[in-house]
There are 2 protein chains.
Amino acid sequence: MKLSNGIEWVLHCCVTLSQAQGPVPAQRLAELHDIPPAYLAKHLQVLSRAGVVHSSQGQDGGYGLTRPPGEISVLDVVAAIDGPGGFFRCTEIRKRGPLAAAPERCTTRCSIARAMADAELAWNEALSKITIADLAENIDADSGGTALGDVREWLEAR
Amino acid sequence: MKLSNGIEWVLHCCVTLSQAQGPVPAQRLAELHDIPPAYLAKHLQVLSRAGVVHSSQGQDGGYGLTRPPGEISVLDVVAAIDGPGGFFRCTEIRKRGPLAAAPERCTTRCSIARAMADAELAWNEALSKITIADLAENIDADSGGTALGDVREWLEAR
DNA sequence: GTTTGTCTACTCGGATAGTATATGTCCGAGTTTAGCGGG
DNA sequence: CCCGCTAAACTCGGACATATACTATCCGAGTAGACAAAC
């Protein structure tokens with residue numbers, strides 16, 4: 001099971017957008033990261049529908065964050081791209097076969113489903129603790145404090 | 001992103017095997033859970049290669065756990081079926097595009113990759129805390145204490 | 001009665017098709033901006 | 001000089017092909033037990 005590559009792309013894009021003053025076209029975001037523009041656009045549309053970013057059309061249009069970067073968690077982005085529903089789906093096989101459990105006895109969820117749900121909860125909580133602002137800060141620190149400035153400069157230039 | 005259905009199947013099968021005295025054929029495990037026998041066999045082969053179960057051929061052959069159920073974690077099973085490598089794969093797009101980071105500056109992992117790795121660690125830890133024995137105990141409790149006995153009886157019959 | 005050999009039935013194991021999801025691409029609908037003409 | 005109109009260029013949005021991985025299945029290799037015959 002592998003996560004979509006788009007998740008990495010849009011996370012980088014969100015960090016970039018957090019440094020932008022105005023709207024940034026998908027074309028330009030793709031150029032900055034050297035990734036397929038059309039496919040990135042598809043993922044940005046999903047983010048737009050999820051309410052993480054907003055789009056403006058026409059000349060000088062593009063994408064922008066709907067909230068301050070400190071209020072957008074990595075979980076918001078991952079959940080939007082990955083879609084609804086968790087990793088694990090219980091098919092209730094305990095209700096099948098020669099020893100099928102009677103439906104009236106299945107008042108609680110299968111213990112296997114509970115175990116997987118707990119793990120997903122741990123995953124979600126870990127991702128919800130990190131925001132786009134945290135990512136930007138760390139990226140800047142890793143680069144020695146020049147990365148974000150370079151991005152802002154590149155965005156200003158045309 | 002969805003986990004394979006086989007994970008649910010083999011987890012149930014491991015609980016069943018924890019109640020067996022001798023080897024249980026894949027055919028019989030499939031019959032008990034009402035699932036495609038050939039496809040289940042494929043997943044059991046993977047578990048066998050991972051060392052979670054061992055197989056014996058010939059008449060009265062079948063599968064059995066290699067260790068006591070209390071020493072087999074859910075993570076062992078999930079990791080075996082899901083294969084090596086985590087959910088997220090970093091493609092190092094920071095090294096691409098007009099603002100590519102110099103390779104010598106990339107001494108540490110990208111902060112995005114770190115965030116995802118932390119979340120995967122939380123997921124893994126949650127799964128490693130639960131064993132097959134825990135699952136069996138909970139299933140028995142949910143059924144009012146009759147499920148495991150029924151399974152043992154059904155395995156003995158025939 | 002014991003032993004040995006064969007033989008059969010049963011098991012796993014990997015190689016082989018079909019289907020859903022992820023990846024990648026394209027062109028059309030809509031909007032904003034700029035330019036132009038008129039007042 | 002200001003206002004309104006027109007037109008063009010640029011944007012997003014959803015519809016359309018391709019690649020990868022999950023789902024499902026089959027048949028062959030190998031082994032353990034059962035049976036029969038010989039000693």
Side-chain angles (χ1 to χ4, degrees), chain A residues 1-10 13 17 20 22-31 33-64 66 78 80-89 91 93 158, chain B residues 1-10 13 17 20 22-31 33-64 66 78 80-89 91 93 158:
Chain A
M1 182 189 65
K2 295 277 178 277
L3 282 168
S4 167
N5 252 334
I7 288 183
E8 182 185 9
W9 298 353
V10 296
C13 287
L17 289 179
V24 182
Q27 181 82 31
R28 200 146 173 75
L29 287 171
E31 182 188 350
H33 298 106
D34 187 24
I35 53 184
Y39 193 30
L40 173 64
K42 189 177 185 61
H43 287 303
L44 289 173
Q45 287 171 30
V46 176
L47 272 194
S48 177
R49 261 176 298 197
V52 175
V53 301
H54 70 93
S55 64
S56 53
Q57 281 193 334
Q59 205 160 332
D60 289 356
Y63 289 98
T66 56
V78 172
I81 299 295
D82 195 48
F87 303 154
F88 182 80
R89 57 195 154 180
T91 59
I93 66 179
R158 151 71 54 163
Chain B
M1 182 188 67
K2 294 280 178 276
L3 283 166
S4 167
N5 251 335
I7 289 183
E8 182 186 7
W9 299 352
V10 296
C13 286
L17 289 178
V24 182
Q27 182 83 31
R28 199 147 174 73
L29 287 170
E31 182 188 349
H33 298 107
D34 188 24
I35 52 183
Y39 191 31
L40 173 64
K42 188 176 184 61
H43 286 302
L44 288 173
Q45 287 171 29
V46 176
L47 273 194
S48 177
R49 260 176 299 198
V52 176
V53 301
H54 70 94
S55 64
S56 53
Q57 281 193 334
Q59 204 161 332
D60 290 355
Y63 289 97
T66 56
V78 171
I81 299 294
D82 196 48
F87 303 154
F88 182 80
R89 57 196 154 180
T91 59
I93 67 179
R158 150 100 41 192

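Sequence lines set the chain letters: A, B, ... in the order given, protein chains first and strands last, and positions in each chain run from 1.
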Novice: Output the single nucleotide from C:dG13, C:dT23, C:dG30 whose closest atom is nearest the side chain of B:Arg89.
Specialist: C:dT23
Novice: For a side-chain contact (heavy atoms from CB on, under 4.5 Å) check, start with the C-alpha distance between A:Val10 and A:Val46, then their side-chain angles and the critical distance, and finish with the verdict.
Specialist: CA-CA 10 Å; A:Val10 296; A:Val46 176; over 6 Å; no
Novice: Using heavy atoms to find the nearest nucleotide of DNA chain C for A:Gly58 and B:Pro25 separately, return the residue whose nucleotide is more 5′.
Specialist: B:Pro25
Novice: Quickly work out the B:Asn5 CG to C:dA20 C1' distance and round it to whole Å.
Specialist: 12 Å
Novice: Name the closest nucleotide to the A:Ser4 side chain, picking from C:dC12, D:dT11, C:dT23.
Specialist: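 Nearest to the side chain of A:Ser4 among the choices is C:dT23.
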Novice: Measuring only between side-chain heavy atoms, which start at C-beta, is B:Asp82 closer than 4.5 Å to B:Phe87?
Specialist: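 When only atoms from C-beta onward are counted, B:Phe87 and B:Asp82 do touch, with a gap below 4.5 Å.
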Novice: Tell me: CG of A:Asp34 to P of C:dG24, nearest whole Å?
Specialist: 12 Å
Novice: In sequence, state the C-alpha distance, the side-chain angles, and the governing distance for B:Ser4 and B:His43, and then conclude on side-chain contact (heavy atoms from CB on, under 4.5 Å).
Specialist: CA-CA 10 Å; B:Ser4 167; B:His43 286 302; 3.8 Å; yes
Novice: Can you check the A:His54 NE2 to D:dG13 C1' distance for me, whole Å?
Specialist: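 Distance check: A:His54 NE2 to D:dG13 C1' gives 17 Å.
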Novice: Looking only at heavy atoms, what is the nearest atom pair of A:Pro23 and A:Gly61, with distance?
Specialist: CB-C, 3.7 Å
Novice: Please name the pair of heavy atoms, one in A:Leu40 and one in A:Ala30, separated by the smallest distance, quoted to 0.1 Å.
Specialist: CD2-N, 3.7 Å
Novice: What's the shortest heavy-atom distance between B:Ala41 and B:Tyr63, and which atoms?
Specialist: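 Looking at all heavy atoms of both residues, the shortest contact is O-OH, 4.3 Å.
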Novice: How close or far is atom P of C:dC12 from atom CD of B:Gln27, stated in whole angstroms?
Specialist: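 So the two atoms are 9 Å apart, to the nearest Å.
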Novice: Just wondering, do A:Thr91 and B:Ile35 contact through their side chains at under 4.5 Å, heavy atoms?
Specialist: no
Novice: Remember a base hit wins even if backbone is also touched, and classify B:Gly62 as base, sugar-phosphate or nothing at under 4.0 Å, heavy atoms.
Specialist: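 Sugar-phosphate, no base atom in range.
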Novice: Please figure out whether A:Lys2 or A:Val24 has its closest DNA chain D nucleotide nearer the 5' end.
Specialist: A:Val24
Novice: Please give me the minimum heavy-atom distance between B:Met1 and A:Leu3, naming the atom from each residue.
Specialist: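 The answer is SD-CD2, 3.3 Å.
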Novice: Once you round it to whole Å, what is the distance between C1' of C:dA22 and CZ of B:Phe87?
Specialist: 17 Å
Novice: Roughly how many Å is it from CD in A:Gln57 to P in C:dA29, rounded to a whole number?
Specialist: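 In whole Å, C:dA29 P and A:Gln57 CD are 13 Å from each other.
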Novice: For B:Asp60 and D:dA34, give me the distance from atom CG to atom P, rounded to whole Å.
Specialist: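 Rounded to whole Å, this separation is 7 Å.
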Novice: Could you give the CG-to-C1' distance, from A:Leu3 to C:dA22, as a whole number of Å?
Specialist: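 Taking CG of A:Leu3 and C1' of C:dA22, I get 12 Å after rounding.
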Novice: Roughly how bent is the helix from C:dG1-D:dC39 to C:dG39-D:dC1 end to end, in steps of 10 degrees, with each end axis from five pairs?
Specialist: 10°
Novice: Determine the minimum heavy-atom distance between A:Lys2 and B:Gly85, stating which atoms define it.
Specialist: NZ-O, 3.7 Å
Novice: Which heavy atom of B:Thr66 sits nearest a heavy atom of B:Val53, and at what distance?
Specialist: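 In terms of heavy atoms, the two residues are closest at CG2-C, 3.4 Å.
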Novice: Between A:Met1 and A:Tyr63, name the one whose nearest nucleotide on DNA chain D is closer to the 5' end.
Specialist: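 So the residue in question is A:Tyr63.
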Novice: Should A:Ser55 be listed as having a side-chain N or O under 4.0 Å from OP1 or OP2 of D:dG13?
Specialist: yes
Novice: Looking at DNA chain C, which of residues 36-52 of chain A put a heavy atom within less than 4.0 Å of it?
Specialist: A:Pro36, A:Ala38, A:Tyr39, A:Lys42
